[in-house]
Amino acid sequence: MAQLCRTQTIQVVDTEYSADAVEWCPLNGWENILAAGTYQLKKSEAAVGEDGTETDSPHTRVGRVYLYHFSHDQIFTPLTEIQRIESAAVLDMKCVQPVQLISSDSKGCLSLVSVSESAASLDILRQWTGHEYEAWIAAFNYWNTNIVYSGGDDCKLKGWDTRSGTDRPSFTSTRHTMGVCSIQSNPHKDGILVTGSYDEHVLLWDTRQMKQPLADTHVEGGVWRLKWHPIHEHVLLAACMHSGFHILDCKEAVAGNAEKCTVLSSYVLHNSLAYGADWSKLSLMDWPVMKQGPRSAFHSESDMENTEQGVKKPETQKQHLKILYESPTASFDVILEDDMGTYIPEDAGAHALENSSKIVSVSIQGNQDCSIPENYFQSDKDGDTSNSKESSLIATCSFYDHVLHVWNWESSTANSSK
């Protein structure tokens with residue numbers, strides 16, 4: 001079996017202000033709602049003093065929260081803005097059921113907050129200094145919400161047990177060499193934690209032993225956000241600032257069989273810092289675009305005659321680069337297809353099946369070669385392909401080019417027995 005992956009842009013939206021946070025609603029019945037947060041530093045007009053000299057006024061930090069609706073009925077522009085709210089600069093957003101919140105701030109403080117279900121009010125249960133400098137991130141242990149993790153610009157990752165007080169952390173790790181800015185507990189598997197840092201490393205941890213990580217993956221960009229897949233427990237989405245967005249497979253690392261996670265796919269069409277990222281719980285398999293099968297192959301009269309006479313004409317496969325869109329960032333999203341409209345995987349050469357009897361060498365625009373398993377394009381007698389496909393909807397945003405991307409990540413497992 002070989003895993004083949006591809007990414008495909010669905011829609012691109014200009015957020016006007018610099019975009020730094022995106023969040024799909026995780027609540028049942030509201031999965032098609034997407035929120036995006038922005039941050040903008042505006043220069044104030046110079047003030048003129050009594051003596052006629054100009055004085056600089058403080059810059060103003062403004063923001064905006066967008067609310068979007070994703071509709072399966074809209075093929076070309078499924079994402080529609082339904083509301084926008086002007087606000088102060090938005091640094092992060094989370095959609096949760098009303099219980100408790102944990103927040104971190106620029107002074108290194110952590111605040112445990114209770115959200116009232118009967119009234120719109122917040123009550124601070126506990127507040128303490130967790131880090132010497134900015135506390136970039138704070139997160140609950142999903143399996144035991146008495147346990148809180150935090151990361152700061154002091155390069156420290158800390159754990160806190162709120163039942164026994166917050167005078168001292170339950171552990172402190174200095175494994176990261178720069179500020180710790182992303183933490184997430186695995187919602188599918190107890191005891192698994194992942195952290196990211198400006199040091200460009202994603203560390204995978206067993207929370208029962210926090211002295212040494214299970215795996216250390218260098219992603220070549222500061223790791224601003226990490227999100228576990230809503231269904232697949234070993235798949236991780238990473239927003240890596242200068243190096244774009246990456247999807248990691250942590251299965252072998254969690255099992256102790258690998259020292260780093262495998263990068264399955266990368267999305268690098270943003271032309272600025274990769275900040276916000278989130279998976280949607282929506283399924284794209286019911287979307288009309290995903291339900292369309294490969295286009296029927298065109299057969300000439302000579303082909304039909306040869307087939308009727310029992311002579312099977314050797315099939316030749318032609319490949320075409322298909323431009324899907326031109327984004328506001330001046331980047332192009334292209335995929336490679338054959339004449340039947342079947343997608344040719346971007347990493348086909350790397351994922352070629354070991355037991356394939358023949359490899360088709362494909363020329364892309366005459367100067368790049370990739371190896372495609374010949375049986376990848378074949379189908380069963382019933383018309384089903386040899387690939388088991390799954391599709392995930394992802395939203396990402398980048399900062400200085402103020403762009404929100406909604407894209408599809410498709411993974412398929414090729415059957416080498418065909």
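Everything numeric in this text was worked out from a predicted model, so none of it was measured.
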Original post:
Would you call the rings of His229 and His232 parallel, tilted or perpendicular, where under 30° means parallel and over 60° means perpendicular?
Top reply: tilted

Original post:
Taking the inter-plane angle between the rings of Phe399 and Tyr39 on a 0 to 90° scale, is it parallel (under 30°), tilted (30 to 60°) or perpendicular (over 60°)?
Top reply: tilted

Subject >> Partner of Tyr66 under side-chain contact (heavy atoms from CB on, under 4.5 Å), chosen from Leu404, Leu34, Thr38 >> reply: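 The single option meeting the side-chain contact (heavy atoms from CB on, under 4.5 Å) with Tyr66 is Thr38.
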
Are any non-hydrogen side-chain atoms of [X] and [Y] less than 4.5 angstrom apart?
X: Ile183; Y: Leu226; answer: no
X: Leu393; Y: Ile10; answer: yes
X: Thr166; Y: Gln127; answer: no
X: Val406; Y: Phe70; answer: yes
X: His270; Y: His405; answer: yes
X: Ile192; Y: Val254; answer: yes
X: His72; Y: Pro78; answer: no
X: Trp136; Y: Val180; answer: no

Can you tell me if [X] has over 12 outside heavy atoms packed within less than 6.0 Å of its [atom1]?
X: Lys251; atom1: NZ; answer: no
X: His242; atom1: NE2; answer: no
X: Glu259; atom1: CD; answer: no
X: Phe171; atom1: CZ; answer: yes

**OP:** Go through Gln83 and Tyr68 one step at a time and tell me if the side-chain hydrogen bond (donor to acceptor under 3.5 Å, both in side chains) criterion holds.
**Re:** CA-CA 7 Å; Gln83 188 178 1; Tyr68 299 95; over 6 Å; no

Quick one: do [X] and [Y] make a salt bridge, cutoff under 4.0 Å?
X: Asp161; Y: Arg163; value: yes
X: Arg208; Y: Asp206; value: yes
X: Arg84; Y: Glu16; value: yes
X: Glu252; Y: Lys260; value: no

Any chance you could measure [X], atom [atom1], to [Y], atom [atom2], to the nearest 0.5 Å?
X: Leu41; Y: Tyr17; atom1: CG; atom2: OH; value: 11.5 Å
X: Thr172; Y: Leu157; atom1: OG1; atom2: CG; value: 8.5 Å
X: Leu4; Y: Ser411; atom1: CG; atom2: OG; value: 9.5 Å
X: Ser185; Y: Trp143; atom1: OG; atom2: CH2; value: 8.5 Å
X: Ile231; Y: Glu233; atom1: CD1; atom2: CD; value: 12.0 Å
X: Arg225; Y: Asp20; atom1: CZ; atom2: CG; value: 8.5 Å

Subject >> Those residues that, when tested against His69, pass side chain to side chain donor-acceptor pair (under 3.5 Å) (two or more places apart) >> reply: Asn32

**OP:** Name all residues meeting the side chain to side chain donor-acceptor pair (under 3.5 Å) criterion together with Glu134; count only those two or more places apart in sequence or in a different chain, and write none if there are none.
**Re:** none

Where do [X] and [Y] come nearest, in terms of heavy atoms and distance?
X: Asn408; Y: Ser392; result: OD1-O, 3.2 Å
X: Ser18; Y: Gln40; result: N-OE1, 3.0 Å
X: Cys5; Y: Trp409; result: CB-NE1, 3.7 Å
X: Trp279; Y: Pro230; result: CB-CD, 3.4 Å
X: Ala253; Y: Ala215; result: CB-CB, 3.6 Å
X: Val22; Y: Ala395; result: CG2-O, 3.5 Å

**OP:** Could you go through the side-chain contact (heavy atoms from CB on, under 4.5 Å) check for Arg175 and Trp205 one step at a time?
**Re:** CA-CA 11 Å; Arg175 184 62 172 74; Trp205 302 88; 3.8 Å; yes

Original post:
Are the aromatic ring centres of His176 and His201 under 6.0 angstrom apart?
Top reply: no

**OP:** Could you tell me if the ring centre of Trp128 sits under 6.0 Å from that of Trp160?
**Re:**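 Judged by ring-centre distance (under 6.0 Å), Trp128 and Trp160 do meet the cut-off.
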
**OP:** Just do the side-chain contact (heavy atoms from CB on, under 4.5 Å) check on Ile33 and Ile82 with the steps written out, would you?
**Re:** CA-CA 10 Å; Ile33 299 299; Ile82 56 177; 4.2 Å; yes

Does [X] reach the main-chain N or O of [Y] with its side chain, forming a donor-acceptor pair under 3.5 Å?
X: Lys42; Y: Arg61; answer: no
X: Asp153; Y: Gly179; answer: no
X: Ser280; Y: Trp24; answer: no
X: Asn141; Y: Thr145; answer: no
X: Thr262; Y: Leu264; answer: no
X: Gln209; Y: Lys211; answer: yes
X: Glu200; Y: His218; answer: no
X: Ser150; Y: Ala138; answer: no
X: Lys227; Y: Ala277; answer: yes

Does the side chain of [X] pick up a donor-acceptor pair with the side chain of [Y] at under 3.5 Å?
X: Asn186; Y: Tyr142; answer: no
X: His402; Y: Asp14; answer: yes
X: Tyr267; Y: Thr9; answer: yes

Original post:
Please walk me through it: do Phe245 and Val219 pass side-chain contact (heavy atoms from CB on, under 4.5 Å)?
Top reply: CA-CA 9 Å; Phe245 300 89; Val219 291; over 6 Å; no

**OP:** Tell me, with the steps shown, if Val235 and Trp228 meet side-chain contact (heavy atoms from CB on, under 4.5 Å).
**Re:** CA-CA 6 Å; Val235 178; Trp228 290 105; over 6 Å; no

